[in-house]
K.L.:
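Okay, here's the structure, questions in a sec.
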Number of protein chains: 2
Amino acid sequence: MSKSLVSRALRGEPAVADGTRQRIVAAAAALGYRPNAGARSLAARRSNAIGFVITGLFDPFWGEVVHSIDRAAEQNGLSALYMSGAFDSGDSDMWLDRFVAYREMEAIERLLEYRIDGMGVGLGGHLDLEELEEIASVAPLVAMMIDYRSSVFDTVTVDEDTALNLAIEHLRGLGHEQIVFLGEGTRPATRARVAAYLRAMEQAAAGIDPVVYPCALLQGDGYETMRSLIEADQVPTAIVAITDGVARGAVIAFTEAGLSVPDDVSIIGYDDSMHAVAGQPLLTTIRVPRRELGATTVRLLVERRNGRSITSTVMLRPSLVVRDSTGVSTRARRNLATRP
Amino acid sequence: MSKSLVSRALRGEPAVADGTRQRIVAAAAALGYRPNAGARSLAARRSNAIGFVITGLFDPFWGEVVHSIDRAAEQNGLSALYMSGAFDSGDSDMWLDRFVAYREMEAIERLLEYRIDGMGVGLGGHLDLEELEEIASVAPLVAMMIDYRSSVFDTVTVDEDTALNLAIEHLRGLGHEQIVFLGEGTRPATRARVAAYLRAMEQAAAGIDPVVYPCALLQGDGYETMRSLIEADQVPTAIVAITDGVARGAVIAFTEAGLSVPDDVSIIGYDDSMHAVAGQPLLTTIRVPRRELGATTVRLLVERRNGRSITSTVMLRPSLVVRDSTGVSTRARRNLATRP
DNA sequence: CTGTTAGCGCCTTCAA
DNA sequence: TTGAAGGCGCTAACAG
């Protein structure tokens with residue numbers, strides 16, 4: 001009954017006699033034995049763990065991704081460790097403002113110390129590509145939902161062009177002419193979205209100038225931005241918002257101002273998050289296939305672990321979930337009627 | 001320049017000459033050296049890491065707790081590792097239904113393999129006290145937001161009596177007589193809430209029978225339960241819901257049925273979550289001090305690490321956030337007028 | 001099928 | 001202030 005025999009028995013290796021294994025397993029259970037992950041990864045030179053740094057852990061969007069990651073990890077015999085990439089740094093209202101200190105690189109470094117077999121990141125701060133590529137040279141890296149195309153690390157993103165085309169075609173079909181975008185594209189996680197809006201407008205609404213109202217990502221931001229538009233009397237008939245939170249904030253601003261959604265203004269959100277179904281009207285929104293996002297990320301990590309060396313970029317296809325925040329507005333109706 | 005000298009220099013131990021340390025640190029940076037957490041914890045017999053199993057990672061409530069945990073952990077020189085205690089097991093609509101497979105014990109076991117110095121749990125499944133106490137004998141354990149009083153592990157919860165008293169006194173002050181509770185108390189995380197409602201009613205509304213309408217925790221559950229009450233024509237004038245989601249669902253059901261909140265019905269939510277501000281009216285709700293929850297949990301863990309052996313239970317004091325979903329209803333107004 | 005040997009990378013004595 | 005030796009708990013060869 002040597003140490004190594006026990007080790008093999010407990011890990012379920014085949015070359016152990018059945019009876020022996022049973023006795024070993026029984027003894028281990030009786031003694032409350034629990035393997036030491038550190039020692040194991042030290043000796044095996046492989047941790048059987050994958051790590052994730054997800055900044056918006058407070059965001060339900062990532063929650064569902066986490067669930068699918070966990071499922072996929074388990075199916076591959078891996079444990080999934082998570083670290084948060086931010087902490088709060090004030091005491092503002094979580095949902096309406098944001099006072100978040102990013103520490104994504106620190107979290108990534110920490111995770112690397114655990115000698116994880118691969119890492120997925122869902123980031124929110126201003127990171128640079130080079131830093132991420134440096135990380136990727138240490139452990140396989142998959143960037144999720146981020147507008148980086150690297151030749152070094154893998155990426156799983158959403159096909160933003162499809163997303164924005166779906167949204168704008170939907171609104172065009174309802175007769176809307178003037179379709180504005182509410183959001184900003186200063187960070188890698190959102191840049192692509194704004195660019196896709198501009199392309200989609202050019203394609204589907206040629207001749208009409210695209211309009212982007214800069215706005216951060218939370219409900220309070222959408223609310224404030226819309227308030228100033230309402231005051232300036234510049235309310236468009238249709239809006240595509242960069243997140244559901246922003247869309248929800250806009251809806252609240254409109255409702256307060258006596259405007260109806262969708263009768264006066266149509267709004268499309270983005271993410272199909274809790275915001276979309278928390279409150280009225282339920283939001284029409286662009287849905288990112290969250291489960292696929294998690295499952296694909298794990299798959300890419302596992303492939304790397306098995307030796308794949310060429311970089312892989314996966315574009316997930318979003319869909320439009322049509323709910324109650326879009327419709328034919330008064331002004332849009334007029335447009336429809338006078339169309340050829 | 002021995003291994004041990006390098007080790008000491010990098011850990012910032014005092015007994016190293018300044019010049020030597022600088023050269024070592026520089027060399028380490030140049031070589032891209034990164035300590036191996038597993039080896040380190042193996043040799044030091046202490047991991048400087050604390051772990052958390054939080055089931056509702058998809059719930060924004062815990063997101064803010066995570067942020068405060070991270071902050072407190074960093075201040076104490078610890079890393080915080082997270083594992084999810086559930087994964088999705090169907091393909092239902094995430095926000096409206098729940099198809100979650102709990103695997104909390106597995107997650108806890110995994111974390112223990114990392115020989116973490118302490119662990120916090122925020123659980124949703126049906127766990128039993130004994131199992132948790134067994135865990136607590138292996139590593140310091142803090143149970144968060146759960147209705148277990150153990151003499152073995154520490155607990156940080158909310159003073160549910162205060163919470164329900166605040167809610168019911170608020171409603172009584174508005175003239176409401178009949179105050180029903182919408183929720184269930186079958187799990188340790190929610191049991192205390194129902195019990196507190198019953199006590200608070202006895203205390204503040206003696207003579208009026210408490211009424212509990214069983215209802216799970218999500219928005220869809222609140223919506224469905226209210227629908228059937230509306231159909232049965234049993235709508236009370238005041239409701240305390242077990243979560244904001246449930247409250248929001250109830251609001252939607254009422255609005256659809258042509259009833260006004262708060263004119264016809266007053267509703268109080270619980271958690272001050274995204275649901276509370278995701279629509280109109282904004283919900284009056286009970287707020288759990290989330291940052292304190294995280295910070296206190298870490299503090300307890302650190303204290304245990306420093307040798308505290310007596311069990312500690314911390315009750316956080318909740319507050320009532322008064323917004324727009326509570327008011328004097330038609331029926332309640334009548335009650336107010338006829339009171340002595 | 002089972003045992004032996006040699007580390008994995010780091011920290012902790014203890015000695016210099 | 002620095003170095004050498006030993007071992008943390010485990011797995012990976014290699015022998016038997």
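The figures here come from the full heavy-atom set of this structure, side chains too, leaving out hydrogens, waters and symmetry mates. Protein chains get the first letters and strands the later ones, always in sequence-line order, with residue 1 at the start of each.
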K.L.:
Which is the 5'-most and which the 3'-most nucleotide of DNA chain D that has an atom under 4.0 Å from a heavy atom of chain B?
P.N.:
D:dT1 to D:dG9
K.L.:
Backbone N or O of A:V142 within a donor-acceptor pair of the A:D154 side chain at under 3.5 Å?
P.N.:
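No, the answer is negative, given that no donor and acceptor are paired below the 3.5 Å cut-off.
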K.L.:
Tell me which pairs pass ring pair (Phe, Tyr, Trp, His ring centres under 6.0 Å) where either residue lies in residues 8-55 of chain A, with sequence neighbours left out.
P.N.:
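As it turns out, the ring pair (Phe, Tyr, Trp, His ring centres under 6.0 Å) pairs with a partner in residues 8-55 of chain A, which skip direct neighbours, are A:F52-A:Y82.
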K.L.:
Evaluate the side chain to side chain contact (heavy atoms under 4.5 Å, CB included) criterion for residues A:R304 and A:T311: first the C-alpha distance (whole Å), next the side-chain angles of each, then the deciding distance (0.1 Å), finally the verdict.
P.N.:
CA-CA 9 Å; A:R304 286 285 194 182; A:T311 300; 3.6 Å; yes
K.L.:
Output all residues satisfying side chain to side chain contact (heavy atoms under 4.5 Å, CB included) with A:E106, sequence neighbours left out; order by chain, then residue number.
P.N.:
A:R103
K.L.:
Enter the distance from A:S151:OG to A:I310:CD1 here, rounded to the nearest 0.5 Å.
P.N.:
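That separation rounds to 12.5 Å.
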K.L.:
Could you check which residues of residues 32-43 of chain A get a heavy atom under 4.0 Å from DNA chain C? Sort them by number, please.
P.N.:
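Contacts with DNA chain C under 4.0 Å: A:L42, A:A43.
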K.L.:
Please determine if A:R317 and A:D159 form a salt bridge, counting it only when a charged side-chain N lies under 4.0 Å from a carboxylate O.
P.N.:
no
K.L.:
Can you list everything that forms a salt bridge (charged side-chain N to carboxylate O under 4.0 Å, His left out) with B:D271? Sequence neighbours excluded, please.
P.N.:
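Here no residue qualifies.
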K.L.:
As an exercise, state the distance from CE of A:M119 to CG of A:L141, rounded to the nearest 0.5 Å.
P.N.:
5.5 Å
K.L.:
Rounded to the nearest 0.5 Å, what separates atom CD1 in A:I108 from atom CE in A:M105?
P.N.:
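So the gap between those two atoms works out to 5.0 Å.
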K.L.:
Quick one: list whatever passes side chain to side chain contact (heavy atoms under 4.5 Å, CB included) with B:Q75, sequence neighbours left out.
P.N.:
B:R71
K.L.:
Evaluate the side chain to side chain contact (heavy atoms under 4.5 Å, CB included) criterion for residues A:E104 and A:T55: first the C-alpha distance (whole Å), next the side-chain angles of each, then the deciding distance (0.1 Å), finally the verdict.
P.N.:
CA-CA 7 Å; A:E104 298 169 327; A:T55 298; 2.4 Å; yes
K.L.:
Using a 4.0 Å heavy-atom cut-off across all strands, classify A:A15 as base, sugar-phosphate, or nothing.
P.N.:
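Touches a base.
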K.L.:
Going by heavy atoms in the side chains, are B:L217 and B:T190 under 4.5 Å from each other?
P.N.:
yes
K.L.:
Scan residues 128-146 of chain A for pairs that pass side-chain hydrogen bond (donor to acceptor under 3.5 Å, both in side chains), counting only residues two or more places apart or in two chains.
P.N.:
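Output for this query lists A:E133-A:S150.
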K.L.:
For the helix from C:dC1-D:dG16 to C:dA16-D:dT1, measure the angle between the helix axis at one end and the axis at the other, each built from five pairs, rounding to 10°.
P.N.:
30°
K.L.:
Taking only residues two or more places apart in sequence or in another chain, which ones pass salt bridge (charged side-chain N to carboxylate O under 4.0 Å, His left out) with A:E160?
P.N.:
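Salt bridge (charged side-chain N to carboxylate O under 4.0 Å, His left out) check on A:E160 returns A:R193.
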K.L.:
Report the residues that fulfil salt bridge (charged side-chain N to carboxylate O under 4.0 Å, His left out) with A:R34, sequence neighbours left out, ordered by chain and then residue number.
P.N.:
B:E109
K.L.:
Of the residues in residues 3-13 of chain A, which ones touch DNA chain D at a heavy-atom distance under 4.0 Å?
P.N.:
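Hits under 4.0 Å, by residue number: A:K3, A:S4, A:S7, A:R8, A:R11.
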K.L.:
On DNA chain C, which is the earliest and which the latest nucleotide, 5' to 3', with an atom closer than 4.0 Å to a heavy atom of chain A?
P.N.:
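The protein-touched segment is C:dC1 to C:dG9.
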